[in-house]
Each structure stands twice: as C-alpha cells, then as structure tokens.
Number of protein chains: 2
Amino acid sequence: MTVMLENASGAPRYMALAEALRARIAGGDPAIGELLPTEHALCETYGVSRHTVREALRLLAEAGLIARRRGAGTVVVAAEARAHFTQRLGGVDDLMQYARDAKLQPRHTRSGPLDAAVARAFGVATGGEFFHVAGVRGRPGETPIALTDVYIRADIAPPVETIVEMGGSVTEWIASERGVPTARIEQSISAGALTEREAEPLDAEPGEAALRTRRRYYDKGGRIIALSDSVHPGERFTYDMVLMREAE
Amino acid sequence: MTVMLENASGAPRYMALAEALRARIAGGDPAIGELLPTEHALCETYGVSRHTVREALRLLAEAGLIARRRGAGTVVVAAEARAHFTQRLGGVDDLMQYARDAKLQPRHTRSGPLDAAVARAFGVATGGEFFHVAGVRGRPGETPIALTDVYIRADIAPPVETIVEMGGSVTEWIASERGVPTARIEQSISAGALTEREAEPLDAEPGEAALRTRRRYYDKGGRIIALSDSVHPGERFTYDMVLMREAE
DNA sequence: AAGTGGTCTAGACCACTGG
DNA sequence: CAGTGGTCTAGACCACTTA
C-alpha cells in the first residue's frame, strides 16, 4: 500500500519524505529507541526508489533524529530537532583572541608531577609528569594582557627553546610535531579579584576585577594534553564569540 | 585516460576519490577560486560512476573545501581543511547555564527608543522601539545570581505578564509565538567591578569582581531581536563550555 | 543552446548484525 | 542464515547558469 507524499511547491521527493518521517517521529509513532521501517519497506510504502529513501534518511540523521546501524536497522534517537547553536573557531588559537604578536613570554619553567593544589583547581587526577611554563602574554615591551600558567604533558611537550620562539599555540605544535591533535577542549570562564602576587607582573592593582579562564585540552582517547590557566585584568580583555544557528 | 585510485586498506572508492581530490586541491592544482573538473569529467578520469563522484564531492563540500553551483560548476573555496572546533549548545537557553528554576524577576519595565548610551554600549544604531525589562535572575527567595537588562524589539515583544510567567528564554518565545527564530548570537564576556547601583539588588559589595555578559540576538535578515546585559558577582557564576574538534 | 549540478530510477554486490 | 544498511553502476530527466 503506497502513501502519497505531500508535494508542497515542487520540493524534491526526498525532502517531502524526510518531512513526512519527521512528522511521524514527532508524533511518537516510532518512539525514541524504536526502529524505523527498513529502507526497503519505506521504498514500497512511499513508492520511491531506495536512493530517494536514503537521501531522506540522511537528512534526518544529520538533524540528529535517527541513528543508522548496518545490519541492525535505523533507530529513532530524538523526537524533534532542537535549535542548535554552534560557535565555530578557526582553530585552537582562536580560543583566546590575542593579537598575533601577543606571544607568551616565559618567566619560570619547571618539570615534575602535578601539584595536588593545581590538580584540584583543574579538577583532574594528580600524578603524571608535566612541564610547567609560567609567563605573561602580550606584545614585548608593552603592558601584558594576561598572566598564564600552562601545564604540558611531559612526554609530548616541546623543548623549552621551542616554546620561547613559538608564536602559535603549544597544542598546535603538539598536533603537528607529535601527532597528537586536540580533540576536545573544556573551558571555564569566571571573574575574580587580582591577588597581590598576580598584580605585580601584570602591572595592575591588587583587588582589581579580572577575567579568569581555565582550559583542559584532551586528545581523542580522553588523555590530557595540556592544562592552562590565565588571568586577564578587567579592562584589558574581552572574550567575544559568535554563535550561529545550525542548519536543521 | 583513467587514473587508478589508491585503495588503501579497503576504503570505499568515494573516500579514496575524495582523498585524491583533497590532495590535488592542497597542492593548488585547482587553486582557490578555480573550478574543479565537472562531475562527468571526474567520472571518466577516475573510472567511477557519477554517484561515486558525487559522494566524494559531498565529503569535500562538507569539509568546506568546495562550493557547488548548479549550472556553473564546482569551485574551490579553501585549500585545506583547518581544524575547526565547535561549541554545541542545545538551545538559546544553554547560553548561560542557569538552573532551570532561576527565573528572571522583573523589577522595572519600560517602552521606548533605545537610549544613546545603551546603543553605544551594545555597539548598535539608536532608534527603533524597544521594550526594556530590568530585573534579577535567581531562585525566588534566594540570593540572586545575576542582574539583567533585556531590550526586546517592541513589535515582537511578549506582553509583560508573559515575561513574568515565562520560565524559558524570551527569544525562544519569540521564535515560536512570533515566528522569528534567532539566527545569530553575538556574545561578549568581560570582567569588571560591581558599581554601587548594581551591588545593592544583588546583595553584594561594591567593587567586587563580576562577570559581565552582553549579547545581541539577530534574526535571519540581520535585524536585532533583542539585546541583553547581565552582571554576575564573581564567585556566584562560572561559564563553562566544551569545544569539540569537528569531523573533517 | 550547451553544459552544469540536482534529483531519481532500477538494478547489483557487499559487510555486518541478529537470531 | 536472512535481512540490514553501505557502496556502486548505468542510465534518465530536470532546473539552472553561461555564453
């Protein structure tokens, strides 16, 4: 028994079919966790070719409504597509939007296991060798923009000299030179007052409001690549982002 | 003259073809702005069917390397896919991660054109009628999390009573009730000290560090839907985000 | 008018999943 | 083992761009 597809204003068949299926899913006919009819069945039901069915299912899969498993079938994973917004960054460097010449100028470096206090602040387990670089970020000779602490997993960390020369980000160097690309970044942004210890190298007043960012970089397997902690005195930095609605 | 495709470890042909084309583009053979061979030509060159060619081109288009225009051809728009990171939000509500019951409690409302000072602060043009709601956000009866000012374009703003009842976000109401979905959000995050005027309703100390977020909501046509400005006392709020590397 | 990419059909074989 | 989705072929017509 074949069903006619709404052909609203000359939309392609696969779109009309996708819309029909979306409506059925929204109505809960194949509820979440249940299987959609097979491709073959959909071909017969709607009187279209398999290619057309697959194009329709591709749309639904892109929208996150269904998941497909060879040999097993097509399962409904969401009843309706929510409006998704994404922030798109060109790369890790865009995370904090420093001027290109605002390099990290190391003040101290040290190797060793992660301090208990540092591990707790980042919410990660202690242990493991890390290479710690503390420094300021800014154009050489000018008032610095930020005070930064970076902890890099020791087995993949660049040599000290490299970090000093390095214009770009440490994680991009690790991706290209060590073959360990960053797969996930977790970032926390908060506000807090500058401590005396922080104020001095930044040439700022203690107690002044500051933006704090803490980031964890992970590889594909969930192992930590690096941790970073930055403090930006209030008026010197704004974090701007643009979020676009995703195509549905 | 047909070219053999690398068939590394049983990868599908369309992937092998996509890889071959990606390599050519990376090498600058069809440079940015130039046209790729037509689908028909690629079929002959690589000895595959048109469907296979189209699957390969679809991959490259998804990676942002090429753009396709019916009747005109396939143009190269980027030489290599950069590592992109995206922050995925479930919806507008996820932008600021308030607890679900942290509603906006209006203290003042007013209608009229945008103040010159407000327009300057947001970096938008003056003029146009807006509905202004000022209030605090938090669980009723508890210390508020934030002080918020929202400016909603008057012609699509909800009635006052609705805003008070409304649990969710104003922009989602506008999307569903007025048919004007948000297409783009611009957000700025900075740190600054609390003013006396801000400290009082927040039950905080003047001069305390605070996180300030300013957002502009735009519709598809680039018209402003709403503007919002929030101040979060330092220790009461952290903005967390997770960025995932995009599939290439 | 010729050529492009977009849609669509009717087949086929395969890798994988499940009973 | 039967049935699933994944890949692939060889055709066809269409809407659109460009000249």
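Predicted model only: the values in this text are computed from it and were never measured. Chain letters run A, B, ... following the sequence lines, proteins first, then strands; residues in each count from 1.
The side chain of Arg54(B) contributes no N or O atom lying less than 4.0 Å from OP1 or OP2 of dC8(D). OP1 or OP2 of dT9(C) has at least one side-chain nitrogen or oxygen of Thr52(A) nearer than 4.0 Å. Thr74(A) has a side-chain polar atom (N or O) that falls below the 4.0 Å cut-off from OP1 or OP2 of dG5(D).
The CZ atom of Arg13(A) sits 13 Å away from the C1' atom of dG6(C) (whole-angstrom rounding). The distance between atom OH of Tyr46(A) and atom P of dT7(C), rounded to the nearest whole Å, is 20 Å. Arg69(A) places its CZ atom 11 Å from the P atom of dG19(C), with the value rounded to the nearest Å. Residue His40(B) contributes atom NE2, which lies 15 Å from atom P of dA2(C) at whole-angstrom precision. Distance, Leu35(A) CG to dT4(D) P: 10 Å, rounded to whole Å. Across the protein-nucleic acid pair, Glu39(A) atom CD and dC14(C) atom C1' stand 14 Å apart, rounded to whole Å. One can place CG of Leu5(B) at 15 Å from P of dT7(D), the figure rounded to the nearest angstrom. The separation between Leu59(B) atom CG and dT7(D) atom C1' is 13 Å, rounded to whole Å.
For Pro12(B), whose side chain is taken as the heavy atoms from C-beta onward, the closest listed nucleotide among dG6(D), dG6(C), dT7(D) is dT7(D). Residue Arg70(A) places its side chain closer to dC16(C) than to any other of dC16(C), dT9(D), dG5(C). With dT9(C), dT7(D), dG5(C) as the candidates, the nucleotide lying closest to the side chain of Arg68(B) is dG5(C). The nucleotide whose nearest atom lies closest to any side-chain atom of Ser49(A) is, among dC8(D), dT9(C), dT7(C), dT9(C). Comparing atom distances between the Tyr14(B) side chain and each of dT7(C), dG6(D), dC8(D) picks out dC8(D) as nearest. Checked against dT9(C), dG6(D), dT9(D), the side chain of His51(A) finds its nearest nucleotide in dT9(C).
The closest side-chain heavy-atom distance from His132(B) to Val150(B) is not below 4.5 Å. Put simply, the side chain of Phe131(A) does not reach to within 4.5 Å of the side chain of Pro158(A), judged on heavy atoms.
The base of dG6(C) sits within donor-acceptor range of the side chain of Arg50(B), with an N or O pair under 3.5 Å.
Under a cutoff of 6.0 Å and an axis angle of 45°, Arg214(B) and Phe122(B) form a cation-pi pair.
Nearest-nucleotide positions on DNA chain C for Leu36(B) and Gly71(A) put Leu36(B) closer to the 5' end.
Side-chain N or O atoms of Arg13(A) include none that pairs as donor or acceptor with a backbone N or O of Thr52(A) at under 3.5 Å. Side chain of His232(B) to main chain of Leu211(B): a donor-acceptor pair is present (N/O by atom type, distance under 3.5 Å, no hydrogens or angles).
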